[in-house]
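Single-structure report; data block below.
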Amino acid sequence: MTALPLDYEILRLIWWALLGILLIGFAIMGGMDLGVGTLLPAVARNDEERRVLLNLVGPTWEGNQVWLVLGGGAIFAAWPPLYAVSFSGFYIAMIAILLALILRPVGFKFRGKVDDPRWRSAWDWGLFVGGFVPALVFGVAVGNVLLGAPFGLDPVLRPSYAGNFFGLLTPFAILTGLVSVAMLVMQGAVVIASRTEGALAKRARIYGRWAALATIGLFALAGLVVVFWLDGYRVVSVQDALGPSNPLGKTVMIERGAWAANYGAHPWMMIAPALGLAGAWLAYTFLGLKAGARAIIASSTAIFGIVATAGLSLFPFLLPSSLDPSASLTVWDASSSQLTLFIMLGATIVFLPIILLYTAWVFRVMRGPVTTASIGRNPNAY
């Protein structure tokens with residue numbers, strides 16, 4: 001077979017980085033919608049204000065979901081064992097996320113069909129569930145990845161899962177879930193504060209500042225737990241970065257604080273948690289100064305840093321196994337073939353810039369404040 005211009009090791013690293021970019025993209029873009037949904041009952045006090053929030057995210061939420069779809073597709077195509085284990089082992093959690101997300105488009109469409117306060121209130125709470133539940137469960141999932149999932153692989157690499165849904169709800173996983181909720185509420189609040197006016201924007205700034213402080217505190221607490229109390233995983237055998245994918249055959253040790261080892265070996269990685277903390281503090285500051293655009297940039301930077309911190313801590317692991325550590329999935333032994341990764345990279349180089357340009361164009365078209373007057377002039381408003 002003709003040699004490819006990129007070797008297997010480089011392609012695996014590229015797809016590990018691309019997976020991280022897609023997940024960060026969803027956390028930033030989709031986090032706007034999840035945060036606004038979570039804040040809906042608290043920030044909006046009457047039907048007009050709730051309509052303002054619905055029309056704030058309504059035109060863009062479907063495009064923001066593309067990042068989630070791309071992330072799932074990347075896991076399916078680039079990391080098949082990860083897809084098989086995570087989507088089967090975390091099945092109930094995935095269903096909970098999907099059912100919650102389904103409430104969002106249904107709520108947008110049906111809320112205004114009946115002019116009844118009880119009907120609209122029910123859909124408002126449905127939209128809250130559609131924001132809060134995914135934000136919480138995504139964070140809980142990250143916590144369980146750091147803890148290790150109870151799965152094993154037989155000699156022909158068929159996965160088996162020994163856990164259950166309630167086993168995912170450990171204290172540490174709930175802590176990481178709260179980190180996720182806090183940072184996405186912060187993201188939703190900065191969007192509301194920058195694109196609405198009056199009392200609605202003022203309340204969003206208050207909730208956003210509290211969420212930013214909660215993000216700092218919870219993220220710092222989770223970091224201390226990871227460094228000083230949590231058992232991490234470390235590969236102690238030699239892995240062939242150019243070899244065929246086979247998760248079996250390596251030796252993995254479980255050690256207290258092992259997730260911090262990458263930061264000791266590569267101090268530049270400390271940039272990630274620093275961005276997480278500094279971004280949240282700047283979001284708090286800019287919200288107080290009523291600097292909406294800068295608050296969005298700061299909040300997005302915080303999300304980038306927090307998600308990147310988890311990814312860099314885990315490397316080279318994709319999903320460690322608490323049941324059989326030697327079966328843990330890593331970047332070097334759980335990927336698709338070299339040719340598959342190369343073809344996918346070519347498609348990504350073509351289509352990802354198109355998605356970015358389209359997203360930028362949509363947000364440019366939809367720029368400006370959303371007010372009760374503007375939705376009154378729009379016959380297609382929610």
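No donor-acceptor pair under 3.5 Å is formed between the side chain of Arg234 and the backbone N or O of Met253. With hydrogens and angles ignored, the 3.5 Å screen pairs no side-chain donor or acceptor of Arg205 with any backbone N or O of Lys290. Although no hydrogens or angles enter the test, the distance criterion places no donor-acceptor pair under 3.5 Å between the side chain of Ser299 and the main chain of Ile296. At least one donor-acceptor pair under 3.5 Å links the side chain of Ser245 to the backbone N or O of Ser335. Proximity of a side-chain donor or acceptor of Tyr233 to a complementary backbone N or O of Leu147 within less than 3.5 Å is detected. For Thr340 (side chain) and Ser336 (main-chain N/O), no donor-acceptor pair under 3.5 Å exists by modelled atom type. The main-chain N or O of Pro320 is never found under 3.5 Å from a side-chain atom of Ser328 such that the two would form a donor-acceptor pair. Within the 3.5 Å criterion, the main-chain N or O of Phe286 finds no donor-acceptor partner in the side chain of Arg294. Looking at Glu255, its side chain never comes within 3.5 Å of a backbone N or O of Asp231 through a donor-acceptor pair. Proximity of a side-chain donor or acceptor of Asn262 to a complementary backbone N or O of Phe315 within less than 3.5 Å is detected.
Ion pairing between a basic and an acidic side chain is recognised when a charged N comes within 4.0 Å of a carboxylate O; Arg51 and Asp124 show no such pairing.
In terms of heavy-atom proximity, Leu53 sits nearest to Ala44 at CD1-CB, 4.0 Å. In terms of heavy-atom proximity, Ala298 sits nearest to Leu282 at CB-CB, 3.7 Å. The minimum heavy-atom distance linking Ala241 with Arg12 is given by the pair O-NH1, 2.7 Å. Between Asp47 and Arg111 the shortest heavy-atom distance is OD1-NH2, 2.6 Å. Scanning both residues, Ala27 and Leu184, for their nearest heavy atoms gives O-CD2, 3.4 Å. For Gln65 against Arg104, the heavy-atom pair with the smallest separation is OE1-NH2, 2.6 Å.
Between the side chains of Asp333 and Thr330, at least one donor-acceptor pair of N or O atoms lies under 3.5 Å. Between the side chains of Thr372 and Glu48, not a single donor N or O lies within less than 3.5 Å of an accepting N or O.
Distance check, rounded to the nearest 0.5 Å: CG of Asn55 to CE of Met366 gives 8.5 Å. Remark: Ile303 CD1 to Leu23 CG distance equals 13.0 Å, nearest 0.5 Å. Atom OG1 of Thr309 sits about 8.0 Å away from atom CG of Leu277, to the nearest 0.5 Å. Here the OG1-CG distance, from Thr176 to Leu218, works out to 10.5 Å after rounding to the nearest 0.5 Å. We find the CG-CG distance between Leu19 and Leu318 to be 7.5 Å, quoted to the nearest 0.5 Å. Distance check, rounded to the nearest 0.5 Å: CD1 of Ile355 to CG of Leu22 gives 8.5 Å.
Aromatic pair Phe26/Phe138: centroids less than 6.0 angstrom apart.
A chain of hydrophobic side-chain contacts below 4.5 Å, direct or via other Ile, Leu, Val, Met, Phe, Trp or Tyr residues, connects Leu6 to Tyr8. A continuous path of hydrophobic side-chain contacts links Trp281 to Leu287 [ILVMFWY only; heavy atoms under 4.5 Å]. Under a hydrophobic clustering in which Ile, Leu, Val, Met, Phe, Trp and Tyr are joined whenever their side-chain heavy atoms come within less than 4.5 Å, directly or via other members, Trp361 and Trp61 fall into different clusters. If you chain together hydrophobic residues whose side chains sit under 4.5 Å apart, Ile297 and Phe363 never meet in one group. Taking hydrophobic clusters as Ile, Leu, Val, Met, Phe, Trp and Tyr residues chained together by side-chain heavy-atom distances below 4.5 Å, Leu178 shares a cluster with Leu221.
Here the options are Leu200, Thr38, Thr196, Val36, the test is side chain to side chain contact (heavy atoms under 4.5 Å, CB included), and the partner is Val43; only Leu200 passes. Asp324 pairs in a side-chain hydrogen bond (donor to acceptor under 3.5 Å, both in side chains) with only one of the listed residues (Ser326, Ser321, Ser322), which is Ser326.
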* Asked: Given Tyr83 and Phe76, is the ring-ring contact (aromatic ring centres under 6.0 Å, His included) satisfied, shown in steps?
  -> CA-CA 5 Å; Tyr83 182 89; Phe76 173 78; 5.0 Å; yes
* Would Asp240 and Lys250 count as a salt bridge (charged side-chain N to carboxylate O under 4.0 Å, His left out) if you check the C-alpha gap in whole Å, the side-chain angles of each, and the deciding distance to 0.1 Å? -> CA-CA 10 Å; Asp240 184 4; Lys250 62 181 176 295; over 6 Å; no
* Asked: Checking ring-ring contact (aromatic ring centres under 6.0 Å, His included) for the pair Phe317/Trp259: CA distance, chi angles, key distance, verdict?
  -> CA-CA 10 Å; Phe317 289 93; Trp259 290 138; 5.7 Å; yes
* Could you please spell out the steps behind the side chain to side chain contact (heavy atoms under 4.5 Å, CB included) verdict for Ile375 and Val370? => CA-CA 7 Å; Ile375 62 177; Val370 179; 4.0 Å; yes
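Side-chain contact between Leu242 and Gln338 is absent, with no heavy atoms from C-beta onward closer than 4.5 Å. The shortest distance between side-chain heavy atoms of Leu13 and Trp332 falls below 4.5 Å. You'll find the side chain of Ile14 reaches within 4.5 Å of the side chain of Leu18, heavy atoms only. Contact of the Val235 side chain with the Thr251 side chain is not registered, since no non-hydrogen atoms from C-beta on lie closer than 4.5 Å. Using a 4.5 Å cut-off on side-chain heavy atoms (C-beta onward), Trp16 and Pro316 make no contact. Considering only heavy atoms from C-beta on, Phe151 stays 4.5 Å or farther from Ser160 through its side chain. Side-chain atoms of Val185 and Thr215, non-hydrogen and from C-beta on, never get closer than 4.5 Å to each other. Within the 4.5 Å cutoff, the side chain of Arg45 has heavy atoms near those of the Arg203 side chain.
Ring-plane geometry between Trp119 and Trp123 is classed as perpendicular, the angle between the planes exceeding 60 degrees on a 0 to 90 degree scale with a lower cut at 30. Ring geometry for Trp125 against Phe128 counts as perpendicular: the plane angle is over 60°, on a 0 to 90° scale with 30° as the lower cut.
By the side-chain contact (heavy atoms from CB on, under 4.5 Å) test, Ile271 pairs with Leu275, sequence neighbours left out.
In the displayed structure, Asp115 atom CG is contacted under 6.0 Å by at most 12 heavy atoms of other residues, nucleotides or ligands.
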